Amino acid sequence: MASVIGTIFRVATWGESHGAAVGAVVDGCPPRLPITSEEIERQLLRRRPGQSELTTPRGEEDRVEILSGVFEGRTLGTPILLLVRNRDAKTADYEPLRDLYRPSHADYTYQAKYGIRDWRGGGRASARETVGRVAAGAIAEKLLAVALGIEIVAWAAQIADIVAEVDSDRVTRELVDSHPTRCPHPEAAVAMAERISAARAEGDSLGGAVRLVARNVPPGLGEPVFDKLEADLARAMLSIPAAKGFEIGSGFDAARIPGSRHNDPYRMVDGRLRTLTNRSGGIQGGISNGESLLMRVAFKPPATIGKEQETVDAGGRPKMIAAGGRHDPCVLPRAVPIVEAMAALVLADHWLRHLALRGAAERIDGAAT
Ligand SMILES: Cc1cc2nc3c(=O)[nH]c(=O)nc-3n(C[C@H](O)[C@H](O)[C@H](O)COP(=O)(O)O)c2cc1C
């Protein structure tokens, strides 16, 4: 199924931008995990539209309803249905775009594929779909925190050509949320905010990059060869709307560095195998090595802009398009919790897969002795 991710910790998202609701079904979450709607909403509120001048003004509250799978504040081990109602959809804004294909949006490709599309608000291609990911990701994140002490922090590391150098060992969510850009570097954050506001005023949009660190990830997560940890992370990240590039560790920089400078030397530190550097981004051979996971996701500038552009309508007639309505001039501030959610979903699934494999091996060893 195309809207499902995961092997043991499985998540299906559902819903369109201007439908009745959006959400997710989480199947395979272990029982007895404490979880509340407040914990889920904490992440949803960071994804929510209308949270600052730098995002779309669509005013959704994004309250989550947990319809199944949680009883007296703990998971039951049964499917968890998470539902968030769409309350502030303004379909009239999209009437003028009904028969027009927005350049670089998904209008044409959805029509070409399905022969029908919900044109209101981008339908299923809208970032509204990511509500389900973030809600499910909050459960995965709680599982990882409770069971393993894993901490996941993402931040806006680049907007257009403004790059923020940030120490991934020290960055916290509190620091990230201290500025509406979600860039934890104070000077860069101010410059980024100015650039986004200027782009919005010109009817234009901007791209950028999110960085993520996952700390306390144990060695052993990842299933070579096709389900290598970085392969599954790449798949998860590139499924986010507007995501265009993924790197683990040194990423594309690895192409220009000699091995002598690229290798991460091993050393025993306090009885634990460590690497002195982390250009591998915490993954070697598709398996986590116990160091922090470090990754970067590139996002394109949103397609829907106020500036006039050439396009065609559904009948192939040439048209000019200049979109009104409510749009993000830059997805970066809102993409941060989505990137965190996707990392949490992949890690939770791989941890459960690793437990299953090792648990079975231990039984085999036990039977053999
Ligand atoms: C948080 C977030 C907000 C977004 N907001 C908008 C938006 O306001 N306008 C827009 O045209 N695209 C927006 N997008 C991107 C589109 O959903 C995406 O570009 C579109 O579905 C086409 O898919 P693709 O860019 O992956 O090819 C947003 C993406 C994210 C992650």
Side-chain angles (χ1 to χ4, degrees), residues 2-6 11 13 15 17 22 24 43 46-49 54-56 102-110 113 121-137 140-141 152-164 176 181-183 192 196 199 205-214 228-249 251-253 281 283 293-305 327-347 349:
S3 286
V4 177
I5 188 165
V11 172
T13 75
S17 177
V22 286
Q43 277 298 76
R46 299 175 76 226
R47 195 220 70 94
R48 193 174 75 89
L54 304 176
T55 65
T56 165
R102 285 171 293 169
S104 290
H105 212 288
D107 305 332
Y108 167 67
T109 49
Y110 267 59
K113 180 173 180 66
R124 181 78 178 146
S126 162
R128 190 91 194 120
E129 177 272 331
T130 64
V131 162
R133 302 172 187 236
V134 171
E141 205 187 315
I152 297 172
V153 183
W155 64 96
Q158 179 178 352
I159 285 173
D161 59 0
I162 304 168
V163 179
V176 170
T181 53
R182 296 221 154 77
C183 171
M192 287 173 176
I196 295 172
S205 64
L206 296 175
V210 170
R211 282 194 186 273
L212 179 139
V213 59
K228 287 178 172 177
L229 192 55
E230 75 260 56
D232 276 359
L233 285 166
R235 177 172 182 267
M237 297 304 171
L238 291 175
S239 74
I240 301 172
K244 293 297 146 197
F246 174 80
E247 284 182 339
I248 190 82
F252 276 78
D253 264 356
I283 302 176
L293 302 191
L294 300 173
M295 62 202 84
R296 182 159 73 134
V297 186
F299 286 91
K300 78 181 193 187
T304 316
I305 56 174
H327 294 284
D328 290 290
C330 178
V331 307
L332 271 290
R334 298 180 58 213
V336 163
I338 305 171
V339 169
E340 288 170 346
M342 296 317 291
L345 293 178
V346 171
L347 292 178
D349 188 46

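The model shown is predicted, which means the values in this text are computed figures rather than measured ones. All residue numbers in this chain count up from 1 along the given sequence.
- Interatomic distance, OG1 of Thr181 versus CG of Leu332, reported as 9.0 Å (0.5 Å rounding).
- When every heavy atom of Phe246 is checked against every heavy atom of Val297, the shortest pair comes out as CD1-CG2, 4.2 Å.
- With hydrogens and angles disregarded, a donor-acceptor distance shorter than 3.5 Å links the side chain of Arg182 to the backbone of Arg46.
- Nearest heavy atoms, Ala199 versus Leu206: CB-CG, 3.7 Å.
- Looking only at distances, no side-chain donor or acceptor of Asp232 sits under 3.5 Å from a matching main-chain atom of Val346.
- In this structure, CZ on Arg296 lies 9.5 Å from CZ on Phe252, to the nearest 0.5 angstrom.
- Here the closest non-hydrogen pair linking Ala344 and Ala140 is O-CB, 3.6 Å.
- The closest side-chain heavy-atom distance from Val339 to Met237 is below 4.5 Å.
- Across Ser205 and Pro301, no two heavy atoms sit closer than the pair OG-CB, 3.3 Å.
- Counting all heavy atoms, side chain and backbone alike, Pro329 lies closest to Pro302 at O-CD, 3.8 Å.
- For the residue pair Arg133 and Ser239, a side-chain donor N or O sits within less than 3.5 Å of a side-chain acceptor on the partner.
- The two residues Ala127 and Pro241 have their closest heavy-atom pair at CA-CG, 4.2 Å.
- Contact check for Leu347 versus Ile152: side-chain heavy atoms found under the 4.5 Å cut-off.
- Under a 3.5 Å cut-off, the side chain of Gln158 and the backbone N or O of Ala209 do not form any donor-acceptor pair.
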Practice task
Begin with the C-alpha distance, continue with both residues' side-chain angles, and end with the deciding distance and a verdict on side chain to side chain contact (heavy atoms under 4.5 Å, CB included) for Leu229 and Ile248.
Solution key: CA-CA 10 Å; Leu229 192 55; Ile248 190 82; over 6 Å; no
Problem - Stepwise side chain to side chain contact (heavy atoms under 4.5 Å, CB included) test for Met192 and Cys330 - result: CA-CA 10 Å; Met192 287 173 176; Cys330 178; over 6 Å; no
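- Note: Thr304 OG1 to Asp107 CG = 7.5 Å, rounded to the nearest 0.5 Å.
- When Leu212, Ile283, Val213, Val210 are each tested for a side-chain contact (heavy atoms from CB on, under 4.5 Å) with Met295, only one passes: Leu212.
- Distance check: Thr56 OG1 to Arg48 CZ gives 11.0 Å after rounding to the nearest 0.5 Å.
- A donor-acceptor contact closer than 3.5 angstrom links the side chains of Ser3 and Arg124.
- Under a 3.5 Å cut-off, the side chain of Asp328 and the backbone N or O of Thr55 do not form any donor-acceptor pair.
- For the atom pair NE2 (His327) and CD1 (Ile305), the distance works out to 11.0 Å, reported to the nearest 0.5 Å.
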Exercise for the section: Please assess Arg47 against Ile338 for the test side chain to side chain contact (heavy atoms under 4.5 Å, CB included), listing each intermediate value before the final yes or no. Expected result: CA-CA 7 Å; Arg47 195 220 70 94; Ile338 305 171; 3.7 Å; yes
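- Note that the CD1 atom of Ile240 and the OG1 atom of Thr130 stand 8.0 Å from one another [nearest 0.5 Å].
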